[in-house]
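It should be emphasised that the depicted structure is a prediction, and the values quoted were computed from it without experimental measurement.
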Amino acid sequence: MSKIYYITQYFDIKSDKALGGILIRKKQIELFKKNGLDLIIVMPDFSGSKVRVEDNIIYVPFFYQKQICDILERTGLWPDQFYDFSLKALKYLQSSVTKDDIIFCVTGGTLETIILGSKLKTITGCKFYINFQDPINHTSVHGRYVDNSIRVKRDHLENKYIKNVDIIFTSSDTFRENLINKYHFLSADNVINSYFGYVKEVPLVEKDSKDSKNITLMYSGVYGQHQQPEKFCKIFSALENRYTLYFLGNHSQYEPIQKYLNDYEFVDFMPHDTFLKWVQHNIDIGFVSLTSDYLSACVPSKIYEYINLNLPIIGFLPESDAKELVNKNGFGRIFNYNDETGFADFVKNELDNQFIEKCRVNIIAQREQWSMEHTFHDILKFFENNNR
């Protein structure tokens, strides 16, 4: 049986303090191993001075000083700020990878794993697969860029390094269509969408019907300009005081939300298992927010987590798979990120116990199909069928 080289960005594989894309990568690795596939993990090593191998994980040291590497990428002198990892990993792997092996490159926005996979394909003739968790930073999505920063755009680099790919897996149909439209060498045959799903199913907790005057809502995730969770603070502060809002995660460095610290409940980051149990017993509704059309290519992982926890989902998103997933299935109510008035009217007139119960019924009916045990099944079958 051939080997699968799982090329990933760095993450602490032993830590229980993980969110989003890291949880997804951990689950993918677990499912590969559970299905008996011969998996070798390759990732950058920020602390070592030479390549080390532990438990089928190859840690590759590389040069990385953030300010210098950012400038090299921004000016186009390097194709990626982690480019030195690509070169050092290539030097180590090119003599051991064979034409029968599969290189599976996972990216959450950077190019270093894809550069490595592309070069290994050229040298060894191996199979070259890419798993896009998010678009490559500073490339276009349906002609839009994430911001107007002065820097070298990266579509030409994306084009260069995915040109000899065999299969691409995306996490949204929007992004799949974007890639097929951008590059003539891609088609519906070699770009496959597979939504992620939640990583660890929790037993459902029977929740009592709640008084509409005692509804608890939660934002959990990244605090930044692309999420703008302060929008929820602003809207709810103008409404009658019949809700309790919780904000989980690392908010301390995000200036726009600091003025609300005394008005709502702010909870520090907690390990994933602790988070699941805490939310089950304390929260009725989950917030989600993305505030850019560019991010229509992304389905926030917290949507799957809320489905797992049987939480109705409300908030702001661009027109996207993510918005349709929630609204079409009756899992909650998502508004366009510019429609604060519509969201406020909904909260004032429709957000009550009856709405919550209706959403819970819809979520329970489909909950199982949004587990990664289910959503990753087709990808695993694809590997099994192409790994003989």
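A 6.0 Å sphere centred on NE2 of His226 holds more than 12 heavy atoms belonging to other residues, nucleotides or ligands. For Asp147, the CG atom sits in a packed shell: over 12 heavy atoms of surrounding residues, nucleotides or ligands are nearer than 6.0 Å.
Aromatic ring orientation, Phe346 versus Phe343: tilted (interplanar angle from 30° to 60°). Relative ring orientation between Phe104 and Tyr6 is described as tilted, the plane-to-plane angle lying within the 30° to 60° band. Note on ring orientation: taking the six-membered ring where Trp is involved, the planes of Phe247 and Phe266 are parallel (angle under 30°, cut-offs 30° and 60°).
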Yes or no on ring-ring contact (aromatic ring centres under 6.0 Å, His included) for Phe287 and Phe236, after CA distance, side-chain angles and deciding distance? CA-CA 12 Å; Phe287 289 133; Phe236 278 85; 5.7 Å; yes
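In this structure, Arg74 does not pair ionically with Asp70, as no charged nitrogen and carboxylate oxygen lie closer than 4.0 Å. Under a 4.0 Å N-O distance rule, the pair Arg360/Asp284 qualifies as a salt bridge. A salt bridge links Lys34 to Glu373: one of the charged nitrogens lies within less than 4.0 Å of a carboxylate oxygen. Salt bridge Lys259/Glu230: absent, no basic N to carboxylate O contact under 4.0 Å.
The salt bridge (charged side-chain N to carboxylate O under 4.0 Å, His left out) analysis of residues 305-325, with sequence neighbours excluded, yields the pairs Glu319-Lys323.
Both Tyr254 and Leu261 are assigned to one and the same hydrophobic cluster, defined by single-linkage of ILVMFWY side chains at heavy-atom distances under 4.5 Å.
For Phe185, the ring pair (Phe, Tyr, Trp, His ring centres under 6.0 Å) criterion is met by Tyr183, not counting sequence neighbours.
Nearest approach of Thr291 to Gln225, heavy atoms of both residues: OG1-O, 3.1 Å.
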